[in-house]
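For reference, positions follow the sequence shown, starting with 1.
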Amino acid sequence: MTERTFDPRATTLDRYSAPQWLGDRATRRFHVMAKPAGSACNLDCTYCFYLSKQRLPGGPGGGHMHDDVLERFVRDYIASVTADEVVFSWQGGEPTLMGLDFFRKVVALQRKYAKPGQRIENDLQTNGTLLDEEWARFLKEHSFLVGLSIDGPKDVHDHYRVTKHGEPTFDKVFAAAETLRRFGVRYNTLTCVSRYNASRPLDVYRFLRRELGSTYLQFIPIVEFKGFETTAPQKWDPRRLPVVGSPETHPDHPDSIVTPWSVDAEEYGRFLSKVWDEWQSRDVGKVLVNFCETLVAQHMGLPAQICVHSEFCGKGVALEHDGSAYSCDHYVYPEYRLGNIRERSLGDMVFSPQQVRFGYAKSEALPAHCRQCEYLADCWGECPKNRFLRAPDGEAGLNYLCPGLKIFFHHAVPTARRMAKRLNKSAAV
């Protein structure tokens with residue numbers, strides 16, 4: 001599973017949101033999620049949406065990033081971003097399969113092409129199973145921020161996150177976290193909320209906080225349209241889309257619109273609510289939780305800190321091992337290919353009419369049901385790749401998670417408003 005690594009150095013991750021496209025032309029600011037090993041991984045997580053890219057007709061296929069593609073990427077990305085910071089995010093698949101020598105080349109090339117006064121940062125999203133002391137020394141020396149994928153206590157984590165031979169991985173991941181701590185490497189945890197662990201929010205949260213010692217927590221919902229392996233988002237058959245609340249919208253139904261491991265929408269809302277309560281009562285100011293922080297930030301009048309709750313999207317593109325760029329890592333399908341860095345600059349692709357339309361479509365394609373919702377400015381329709389339901393009036397484009405998000409916002413928004421008011425008042429003093 002892949003997701004952006006949350007950077008605790010920033011209070012507002014504006015590089016992951018898209019305020020106004022045209023307003024950024026003077027200062028070109030965008031983000032690239034690079035996949036040097038493509039979809040290759042040493043694990044076989046049941047819910048992974050990316051392993052199937054190797055078999056996707058017209059997709060990137062298998063393979064590793066060659067040196068010429070790497071150098072072209074590093075040079076072009078640094079040149080294309082005119083802001084004072086460039087963040088390289090290394091994802092997968094599993095990027096550590098490339099080995100340490102690959103990442104030594106990365107930092108050497110970044111030094112070679114860095115502009116005067118421009119900061120170069122790196123983050124690495126990993127399953128952790130290949131991390132050892134040599135990796136930890138390198139990551140510490142070069143100030144990499146690590147995102148470590150772990151889904152909760154051992155029995156929870158090992159339910160879906162297994163090796164190619166079906167072997168559990170928890171012990172290796174837990175050991176990796178201890179190694180990172182011992183060497184002083186900054187890391188977040190990334191926890192996928194699936195059909196299996198959604199009913200255990202406090203077990204998961206308290207394990208991450210108390211046993212693993214994580215202070216930067218990301219939670220992302222597992223939602224996959226049945227047939228996602230070959231069907232791109234927004235390219236599904238509209239005749240198949242059920243109305244919100246119908247039996248087919250639940251993962252346990254034999255004719256469900258989603259895979260069996262996808263989280264149930266309402267259960268996801270209850271999961272978020274329980275974690276919010278625990279964070280709000282015990283950990284505010286001590287722990288950063290992605291969806292909690294962004295809700296408070298939005299009520300302070302700040303941009304969303306995570307892309308799914310931004311009004312627009314499109315400035316976080318995916319770069320595959322062969323140099324092909326795609327609109328988003330959830331949109332790595334032929335229909336959303338922007339071009340290849342061997343032939344075209346990243347900046348030109350990100351600011352192309354095709355990608356600008358993609359970014360604005362997040363807001364423009366919202367059904368009337370969303371536009372009339374009291375939580376519109378908290379939600380913005382969540383991620384477009386999950387919009388495969390019909391609203392109660394029959395209009396297509398409603399997010400699968402809508403019922404759960406409403407549960408969460410109804411529960412948390414009053415407290416978020418009070419917190420935001422206090423924080424704004426303190427900032428004004």
Side-chain angles (χ1 to χ4, degrees), residues 1-6 8 41-50 92 94 125-131 146-163 166-181 187-224 251-252 258-283 286-293 306 308 401 404 407-408:
M1 194 66 194
T2 60
E3 178 68 7
R4 295 176 178 85
T5 305
F6 180 65
C41 190
N42 58 327
L43 302 191
D44 193 15
C45 301
T46 306
Y47 54 56
C48 184
F49 74 96
Y50 217 77
E94 176 49 45
Q125 185 64 46
T126 176
N127 61 43
T129 60
L130 301 179
L131 296 183
V146 175
L148 189 65
S149 296
I150 186 164
D151 283 358
K154 183 177 176 65
D155 64 311
V156 171
H157 177 90
D158 286 339
H159 185 76
Y160 286 140
R161 301 190 64 82
V162 296
T163 69
E167 298 163 340
T169 62
F170 175 86
D171 291 341
K172 287 186 177 180
V173 181
F174 195 88
E178 291 183 326
T179 301
L180 293 174
R181 277 200 305 272
Y187 74 95
N188 334 125
T189 52
L190 172 64
T191 299
C192 296
V193 185
S194 66
R195 188 75 181 98
Y196 187 74
N197 65 354
S199 62
R200 297 175 59 181
L202 295 184
D203 289 345
V204 170
Y205 182 84
R206 289 170 180 172
F207 162 78
L208 295 170
R209 280 288 296 114
R210 301 176 187 180
E211 295 184 48
L212 196 67
S214 177
T215 55
Y216 307 109
L217 284 69
Q218 300 177 89
F219 293 96
I220 60 171
I222 297 296
V223 178
E224 298 301 342
D252 293 335
V258 294
T259 59
W261 53 85
S262 294
V263 66
D264 180 84
E266 293 184 5
E267 195 162 46
Y268 181 61
R270 292 189 288 270
F271 181 98
L272 297 181
S273 299
K274 288 289 187 182
V275 170
W276 167 270
D277 288 346
E278 184 80 356
W279 173 78
Q280 195 272 329
S281 63
R282 295 173 177 266
D283 292 329
K286 297 182 290 184
V287 179
L288 296 180
V289 180
N290 63 344
F291 70 89
C292 298
E293 294 284 331
I306 50 179
V308 296
L401 292 171
I407 288 173
F408 168 62

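Counting heavy atoms from C-beta on, the side chains of T179 and L131 never come closer than 4.5 Å. Looking only at side-chain heavy atoms (C-beta outward), T215 and R209 come within less than 4.5 Å of each other. Taking the side chain as every heavy atom from C-beta outward, I222 and Y160 never approach each other to under 4.5 Å. Contact check for L148 versus N188: no side-chain heavy atoms found under the 4.5 Å cut-off. Taking the side chain as every heavy atom from C-beta outward, L217 and T191 never approach each other to under 4.5 Å. Here the side chains of T46 and T259 are not in contact, with every heavy-atom distance at 4.5 Å or above.
Of the possible donor and acceptor atoms, none in the side chain of Q218 sits under 3.5 Å from a partner among the backbone N and O of N290. At distances below 3.5 Å, not a single donor-acceptor pair connects side-chain atoms of T163 with backbone N or O atoms of L43. Here the side chain of R161 pairs no donor or acceptor atom with the backbone of P168 at under 3.5 angstrom. For the pair R181 (side chain) and Y187 (backbone), a donor-acceptor distance under 3.5 Å is absent.
Every residue meeting the salt bridge (charged side-chain N to carboxylate O under 4.0 Å, His left out) condition with R200, not counting sequence neighbours, appears here in chain and number order: D155, D203. Partners of D277 under the side-chain contact (heavy atoms from CB on, under 4.5 Å) rule, at least two apart in sequence or in another chain, are H411. For E211, the side-chain contact (heavy atoms from CB on, under 4.5 Å) partners two or more places apart in sequence, or in a different chain, are F207.
Counting all heavy atoms, side chain and backbone alike, D158 lies closest to T169 at OD1-N, 3.0 Å. The two residues P221 and Y268 have their closest heavy-atom pair at CD-OH, 3.5 Å. Closest of all the heavy-atom pairs between G269 and S273 is O-OG, 2.9 Å. Contact between Y47 and S194 at its shortest, heavy atoms only, is CD2-CB, 4.4 Å. Contact detail for F408 and L272: the closest heavy-atom pair is CD1-CB, 3.6 Å.
Exactly one residue among P251, S262, P260 makes a side-chain contact (heavy atoms from CB on, under 4.5 Å) with R195. That residue is P251.
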Exercise for the section: Would you sort out whether Y196 and D151 count as a side chain to side chain contact (heavy atoms under 4.5 Å, CB included), showing the intermediate values? Expected result: CA-CA 10 Å; Y196 187 74; D151 283 358; over 6 Å; no
Problem - Pair V204-V275, side chain to side chain contact (heavy atoms under 4.5 Å, CB included): steps then yes or no - result: CA-CA 9 Å; V204 170; V275 170; over 6 Å; no
Exercise for the section: Go through H157 and N197 one step at a time and tell me if the side chain to side chain contact (heavy atoms under 4.5 Å, CB included) criterion holds. Expected result: CA-CA 9 Å; H157 177 90; N197 65 354; over 6 Å; no
Exercise for the section: With side chain to side chain contact (heavy atoms under 4.5 Å, CB included) as the test, would you mind laying out the steps for I220 and V193 before giving the verdict? Expected result: CA-CA 6 Å; I220 60 171; V193 185; over 6 Å; no
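Between the CD atom of E167 and the OG1 atom of T129 there is a distance of 11.5 Å, given to the nearest 0.5 Å. Here the SG atom belonging to C48 is positioned 10.0 Å from the CH2 atom belonging to W261, to the nearest 0.5 angstrom. A distance of 10.5 Å separates OH of Y205 from CZ of F271, quoted to the nearest 0.5 Å.
Residue K274 qualifies as open at atom NZ: its count of foreign heavy atoms under 6.0 Å is 12 or below.
Ring geometry for W276 versus W279: interplanar angle of 30 to 60°, hence tilted.
In summary, the side chains of N127 and E94 do present a donor paired with an acceptor at a separation below 3.5 Å, with no hydrogens or angles considered.
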